[in-house]
Student: 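Questions regarding the structure given below will be posed in turn.
Hydrogens, waters and symmetry mates are skipped; everything else that's a heavy atom, side chains included, is used. Reminder, nothing fancy here: chain letters follow the sequence lines and each chain counts from 1.
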Amino acid sequence: MLDIQFIRENPDKVKENNKIRKCHVSVDEILKLDEKRRALISQADEKRAELKAGSKSKPSPDAIKELKALGGEIKKLEEALVPVESELRELLIQLPNMTHESVPEGVDESGNQEIKTWGKKPAFNFDIKDHAELGASLDLIDTERGAKVSGSRFWYLKNDLVMLEFALMQYAATFMRDKGFTPMLPPMLVREPAMFGTGFFPADKNEIYKVNADEDDLYLIGTAEVPLASYHSDETIDIMKEPLKYFAFSSCFRREAGTYGKDTTGIIRGHQFDKIEMFVFCNQEQSWEMHEDMLAISEEFWQSLKIPYHVLLMCSGDIGAPNAKKYDIEGWFPAQNTYRELASCSHDTDFQSRRLNIKYKDGDQSKFVHTLNNTVCAMGRTMIAIMENYQQKDGSIEIPKVLRGYMGGQKKIQA
RNA sequence: GGAGAGGUGGCUGAGUUGGUCGAAAGCGCCGCUCUCGAAAAGCGGUAGGGCCGUAAGGUCCUCGUGGGUUCGAAUCCCACCCUCUCCGCCA
């Protein structure tokens with residue numbers, strides 16, 4: 001959500017931003033409604049002040065007659081205000097965040113800039129398998145029975161792949177704790193305000209599962225970002241010296257509407273996966289540096305797993321509505337001969353904190369916090385990267401050195 | 001799921017026969033006085049937000065949330081949310 005005062009004072013900037021963010025909401029319409037709204041409020045306030053003054057002690061019968069009339073006028077103004085406010089709000093919540101100046105302009109993923117590559121892509125002297133083939137031959141993934149029980153895009157993980165996920169979770173959690181982040185296990189069902197506050201509603205509503213639609217107002221989270229961001233909602237937090245840094249494990253649920261036929265083999269895209277996410281509440285002065293720090297933490301993580309990757313600076317047309325700026329880290333997937341998204345590092349400035357009402361005190365000034373989020377480790381995709389990059393000629397999979405300690409010293413996954 | 005109690009400012013907690021109550025008191029916090037300094041004591045200040053205004057300031061809204069009754073509501077009515085206690089059930 002943008003500050004209405006900012007829009008009032010910088011309509012051209014907002015219009016320009018809408019253009020590069022592919023948003024078609026009319027800024028002029030917003031300004032018109034805003035003006036209407038303020039006029040109505042002023043009128044109503046004036047009359048209400050009159051009414052209040054007149055009602056202080058017991059008024060005479062004559063005075064009551066007048067006050068009654070006044071009350072009617074106020075009611076009329078209030079009724080006129082209702083549609084104006086709801087229309088204004090409807091438009092405001094559709095506006096994307098203001099784009100940071102360092103973000104390249106572009107219409108889709110073709111506009112993203114590769115700003116770094118790391119690691120040597122493995123050279124194989126044998127015919128490599130993709131992760132689905134490896135999963136089948138080593139009895140690690142059962143997609144057929146997943147579909148039988150729950151439908152398409154569901155699966156069972158089995159045997160050493162399960163143990164590998166537990167090892168990864170343990171490794172990633174320890175890694176983040178050692179970086180000074182507070183470990184969390186959040187609720188995976190949230191109410192509507194949490195979804196709205198983080199920006200998933202209204203923009204991505206059709207991506208979200210609603211539970212017991214008629215009975216409960218609960219939604220399955222698509223990422224731990226939602227409960228983490230909402231953790232401090234309606235609070236004033238103390239972050240002038242140090243930001244508040246958290247990481248959380250959660251399962252993630254996504255409807256994947258409109259992805260028919262996309263990534264249908266293996267476990268690259270499913271309705272449910274496990275992920276560890278980091279989330280930071282930061283003051284406005286330190287947040288841009290924090291964003292770079294978070295990217296650096298991610299890079300260190302992938303380097304420790306020795307997964308080749310590159311970093312993309314996402315363009316204006318390919319970032320989500322809450323983002324002011326975003327980096328993606330894409331890992332090398334040898335069987336697809338391409339990079340695929342492993343992590344997404346976003347700076348949302350005060351877009352979420354305005355909706356969630358999270359502030360901090362800077363001296364005697366009250367300001368909205370900046371929120372940042374970044375994937376630590378999405379288990380499924382990470383395991384694909386491990387399986388494919390670490391596969392051996394004999395069909396086995398080597399286990400990355402840093403994970404072996406969490407698997408009782410096991411070095412390989414083999415039949 | 002059944003029965004009951006309750007949600008007031010950073011915290012504790014008054015206020016429920018509707019009328020200068022956005023709200024007593026205490027704690028906490030900030031400032032000043034006293035002191036070489038600190039403590040104690042005394043004095044003063046101390047919620048958030050909208051709108052108008054360069055500002056000073058003015059004005060309105062908010063006592064869980066949303067509606068309603070009334071000239072006037074923290075106080076009355078309705079719906080919802082949350083917390084606590086007891087019973088039942090349960091990983």
Student: Answer yes when A:Glu256 and A:Arg269 have at least one side-chain N-carboxylate O distance shorter than 4.0 Å, and no when they do not.
Tutor: yes
Student: Who is the Watson-Crick or G-U wobble partner of B:U33, with both distances under 3.5 Å?
Tutor: B:A41
Student: Counting only side-chain heavy atoms from C-beta out, which of B:G72, B:U59, B:G50 sits nearest to A:Asp45?
Tutor: B:G50
Student: Got a sec: does the CD of A:Gln392 have more than 12 other heavy atoms crowding it under 6.0 Å?
Tutor: yes
Student: Return the nearest nucleotide to the side chain of A:Lys359; candidates are B:C71, B:G49, B:G50.
Tutor: B:G49
Student: Which heavy atom of A:Ser298 sits nearest a heavy atom of A:Ile329, and at what distance?
Tutor: CB-CD1, 3.4 Å
Student: Quick one: look up who B:G22 pairs with, Watson-Crick or G-U, both distances under 3.5 Å, and put none if it's unpaired.
Tutor: none
Student: What is the separation between atom CD1 on A:Ile74 and atom P on B:U70, rounded to the nearest whole Å?
Tutor: 14 Å
Student: Work out how far the P atom of B:U65 is from that of B:C11, and round it to whole angstrom.
Tutor: 14 Å
Student: Can you list, in residue-number order, the parts of residues 226-235 of chain A that come under 4.0 Å of RNA chain B, counting heavy atoms only?
Tutor: none
Student: Determine the Euclidean distance between corresponding P atoms of B:U85 and B:G13; express it in Å to zero decimal places.
Tutor: 16 Å
Student: For A:Glu50 and A:Lys361, find the nucleotide of RNA chain B closest to each by heavy atoms; which residue's nucleotide sits nearer the 5' end?
Tutor: A:Lys361
Student: Take atom CG of A:Asn357 and atom C1' of B:A47, then tell me their distance rounded to the nearest Å.
Tutor: 13 Å
Student: Can you check the distance between B:A91 and B:G6, where both ends of the measurement are the P atom (answer in whole Å)?
Tutor: 34 Å
Student: Atom CG of A:Leu77 to atom P of B:C61: distance rounded to whole Å?
Tutor: 14 Å
Student: Only pairs with both distances under 3.5 Å count, Watson-Crick or wobble alike; so what is the partner of B:C51 in this structure?
Tutor: B:G58
Student: So if I take every side-chain heavy atom of A:Ser366 and compare against B:C52, B:G49, B:G72, which nucleotide ends up nearest?
Tutor: B:G49
Student: Consider the side chain of A:Pro59, meaning its heavy atoms from C-beta on, and name the nucleotide among B:G48, B:G19, B:U69 that approaches it most closely.
Tutor: B:G19
Student: Tell me whether the count of non-hydrogen atoms from other residues, nucleotides or ligands lying under 6.0 Å of CZ in A:Arg145 goes above 12.
Tutor: no
Student: Are A:Tyr327 and A:His291 close enough that their ring centres sit under 6.0 Å apart?
Tutor: yes
Student: Expressed as a whole number of angstroms, how long is the span from A:Ile64:CD1 to B:G19:P?
Tutor: 15 Å
Student: Take atom P in B:C80 and the same atom in B:G22, then report the distance between them in whole Å.
Tutor: 30 Å
Student: What residue among A:Trp118, A:Phe333, A:Trp302 forms ring-ring contact (aromatic ring centres under 6.0 Å, His included) with A:Tyr309?
Tutor: A:Trp118
Student: Taking only the side-chain heavy atoms of A:Arg38 (C-beta and beyond), determine which of B:C71, B:C52, B:G50 contains the nearest atom.
Tutor: B:C52
Student: More than 12 non-hydrogen atoms from neighbouring residues, nucleotides or ligands closer than 6.0 Å to NZ on A:Lys210, yes or no?
Tutor: yes
Student: With A:Arg355 as the cation and A:Phe196 as the aromatic partner, state whether NZ or CZ is under 6.0 Å from the six-membered ring centre and within 45° of the axis.
Tutor: yes
Student: Could you work out which one of B:G50, B:C71, B:C61 sits closest to the side chain of A:Lys52?
Tutor: B:C61
Student: Take atom CG of A:Asp3 and atom P of B:G49, then tell me their distance rounded to the nearest Å.
Tutor: 12 Å
Student: So what does A:Arg8 hit on the nucleic acid, given a heavy-atom distance under 4.0 Å: a base, only sugar-phosphate, or nothing?
Tutor: sugar-phosphate
Student: Which residue, A:Lys68 or A:Ile4, contacts RNA chain B at a nucleotide closer to its 5' end, judged by nearest heavy atom?
Tutor: A:Ile4
Student: Taking any heavy-atom pair under 4.0 Å as a contact, classify A:Leu70: base, sugar-phosphate, or nothing.
Tutor: nothing
Student: Taking only Lys NZ, Arg NE, NH1 and NH2, and the carboxylate oxygens of Asp or Glu, determine whether A:Arg48 and A:Asp45 approach each other closer than 4.0 Å.
Tutor: yes
Student: So which nucleotide does B:C63 pair with, by the Watson-Crick or G-U wobble rule with both distances under 3.5 Å?
Tutor: none
Student: Counting Watson-Crick and G-U wobble pairs only, both distances under 3.5 Å, name the nucleotide matched with B:U75, or none.
Tutor: none
Student: Measuring from the side chain of A:Arg48 (C-beta onward, heavy atoms only), which nucleotide among B:C71, B:C60, B:C51 has the closest atom?
Tutor: B:C60
Student: Under a 3.5 Å cut-off for both distances, is B:G28 Watson-Crick or wobble paired, and to whom?
Tutor: B:U46
Student: For atom P, what is the distance between B:U17 and B:U12, given to the nearest Å?
Tutor: 25 Å
Student: With P as the reference atom in both, quote the distance from B:G7 to B:G58 in angstrom, rounded to an integer.
Tutor: 33 Å
Student: Is the Lys NZ or Arg CZ of A:Lys245 less than 6.0 Å from the centre of A:Phe247's six-membered ring, within 45° of the axis?
Tutor: no
Student: Would you tell me if any nitrogen or oxygen in the side chain of A:Lys75 comes within less than 4.0 Å of OP1 or OP2 on B:U69?
Tutor: yes
Student: Does B:C84 pair with anything, Watson-Crick or G-U wobble, both distances under 3.5 Å, and if so, with which nucleotide?
Tutor: B:G4
Student: From CD of A:Glu66 over to P of B:G72, roughly how many Å is that when rounded to an integer?
Tutor: 14 Å
Student: Taking atom C1' in both B:A24 and B:A14, compute the distance separating them and give it to the nearest angstrom.
Tutor: 6 Å
Student: Rounding to the closest angstrom, what is the interatomic distance between B:A3 and B:C89 at atom C1'?
Tutor: 16 Å
Student: Taking a pair as Watson-Crick or G-U wobble with both distances under 3.5 Å, which nucleotide is matched to B:U16?
Tutor: none
Student: Specify the separation, in whole Å, of atom CD of A:Glu35 and atom P of B:C51.
Tutor: 13 Å
Student: Would you kindly give the CZ-to-P distance between A:Arg89 and B:G50, to the nearest whole Å?
Tutor: 15 Å
